[in-house]
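Counting begins at 1 with the first residue of the sequence. Values reported hereafter were calculated over all heavy atoms of this structure, with side chains retained and with hydrogens, waters and symmetry mates removed.
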Amino acid sequence: MSGGWERLKGSRSRTTRDSSFHTPAPSRTVTLGRVQPQAPGHRTIYCNDREANLPVRFKGNSISTTKYNFLTFLPKGLFEQFRRVANCYFLLISILSMTPISPVNPVTNVVPLSLVLLVSLIKEAFEDWKRFQNDMVINNTLIDVLQNEKWVALPWKKLQVGDIIR
């Protein structure tokens with residue numbers, strides 16, 4: 001058995017000394033379509049050791065699929081509504097009806113546009129609220145994580161890089 005090992009060791013040393021037999025080193029460049037990733041550097045992930053992974057500050061595991069928050073709802077919602085050509089047209093007509101040369105009362109154009117925008121924004125708010133509730137259900141789903149040689153139930157959003165799950 002040791003003779004086989006010696007032969008293997010001897011053949012390996014001969015190939016390294018022989019300059020005619022050269023195998024190129026594997027390339028570290030990875031091509032993904034047209035995108036070439038940046039140099040990744042050295043990153044170590046410690047399995048089942050939360051304190052060791054803490055200084056690296058990996059992204060959290062919580063998800064959010066909502067489009068708006070409290071401060072951005074009105075600006076983003078109105079922007080979404082006025083991306084539609086029909087709403088822009090009726091806004092222009094409403095603005096023109098406020099000029100002194102307009103033969104119609106501005107209320108006849110402003111009120112319908114305002115109602116349409118209000119109903120659309122209420123619908124958007126309701127849909128975003130439902131997305132938020134679904135996100136909370138997923139983020140608070142319990143999952144078993146191995147900690148200190150015991151399985152502990154943690155919410156999905158508290159999962160960290162390196163955790164062992166069941």
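Here the shortest heavy-atom pairing between Pro75 and Leu71 reads CD-O, 3.7 Å. Across Lys67 and Lys76, no two heavy atoms sit closer than the pair O-NZ, 3.4 Å. Contact detail for Phe73 and Leu121: the closest heavy-atom pair is CZ-O, 3.3 Å.
For the atom pair CZ of Phe132 and CE of Met136, the computed distance is 4.5 Å after rounding to the nearest 0.5 Å. If you take CG on Leu118 and CD on Gln81, they are separated by 10.5 Å, rounding to the nearest 0.5 Å. Here the CG atom belonging to Asn139 is positioned 5.5 Å from the CD1 atom belonging to Ile63, to the nearest 0.5 angstrom.
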Apply side chain to side chain contact (heavy atoms under 4.5 Å, CB included) to Leu159 and Ile165, showing your working.
CA-CA 9 Å; Leu159 196 63; Ile165 62 173; 3.4 Å; yes

For ring pair (Phe, Tyr, Trp, His ring centres under 6.0 Å), just list the numbers for Phe126 and Trp129, CA-CA rounded to whole Å, side-chain angles, deciding distance to a tenth of an Å, and then say yes or no.
CA-CA 5 Å; Phe126 179 74; Trp129 176 253; 9.3 Å; no

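The side chain to side chain donor-acceptor pair (under 3.5 Å) analysis of residues 146-162, with sequence neighbours excluded, yields the pairs Asn140-Lys157.
Although no hydrogens or angles enter the test, the distance criterion places a donor-acceptor pair under 3.5 Å between the side chain of Thr72 and the main chain of Asn69. Using modelled atom types, no side-chain atom of Ser102 and backbone atom of Met98 make a donor-acceptor pair closer than 3.5 Å. The main-chain N or O of Phe90 is found under 3.5 Å from a side-chain atom of Ser94 such that the two form a donor-acceptor pair. Between the side chain of Asp144 and the backbone N or O of Arg166, no donor-acceptor pair lies under 3.5 Å.
Criterion: ILVMFWY side-chain heavy atoms under 4.5 Å apart, direct or through other members. Under it, Val145 and Val161 are not part of a common hydrophobic cluster. Hydrophobic clustering, with ILVMFWY side chains joined whenever heavy atoms are under 4.5 angstrom apart, groups Leu78 together with Ile95. Both Leu91 and Leu74 sit in one connected hydrophobic cluster of ILVMFWY residues. Membership requires side-chain heavy atoms under 4.5 Å apart, directly or through other members. Hydrophobic clustering (side-chain heavy atoms under 4.5 Å, transitive across Ile, Leu, Val, Met, Phe, Trp, Tyr) keeps Leu96 apart from Phe82.
Applying the side-chain contact (heavy atoms from CB on, under 4.5 Å) rule to Val119 yields no partners; only residues at least two apart in sequence or on another chain are considered. Partners of Asp135 under the salt bridge (charged side-chain N to carboxylate O under 4.0 Å, His left out) rule, at least two apart in sequence or in another chain, do not exist in this structure. Not counting sequence neighbours, Asn61 has no partner by the side chain to side chain donor-acceptor pair (under 3.5 Å) test. Partners of Arg131 under the salt bridge (charged side-chain N to carboxylate O under 4.0 Å, His left out) rule, at least two apart in sequence or in another chain, are Asp128.
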Hey, can you pull the donor-acceptor pairs under 3.5 Å for the side chains in residues 103-114, sequence neighbours left out?
| from | atom 1 | to | atom 2 | distance (Å) |
| --- | --- | --- | --- | --- |
| Thr108 | OG1 | Asn105 | O | 2.7 |
| Ser114 | OG | Val110 | O | 2.8 |

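By the 4.5 Å heavy-atom criterion applied to side chains, Pro155 and Leu142 are counted as neighbours.
Within a 6.0 Å sphere centred on CZ of Phe58, other residues, nucleotides and ligands contribute more than 12 heavy atoms.
Contact check on Glu127 versus Lys130 returns no salt bridge, with no Lys/Arg side-chain nitrogen under 4.0 Å from an Asp/Glu carboxylate oxygen.
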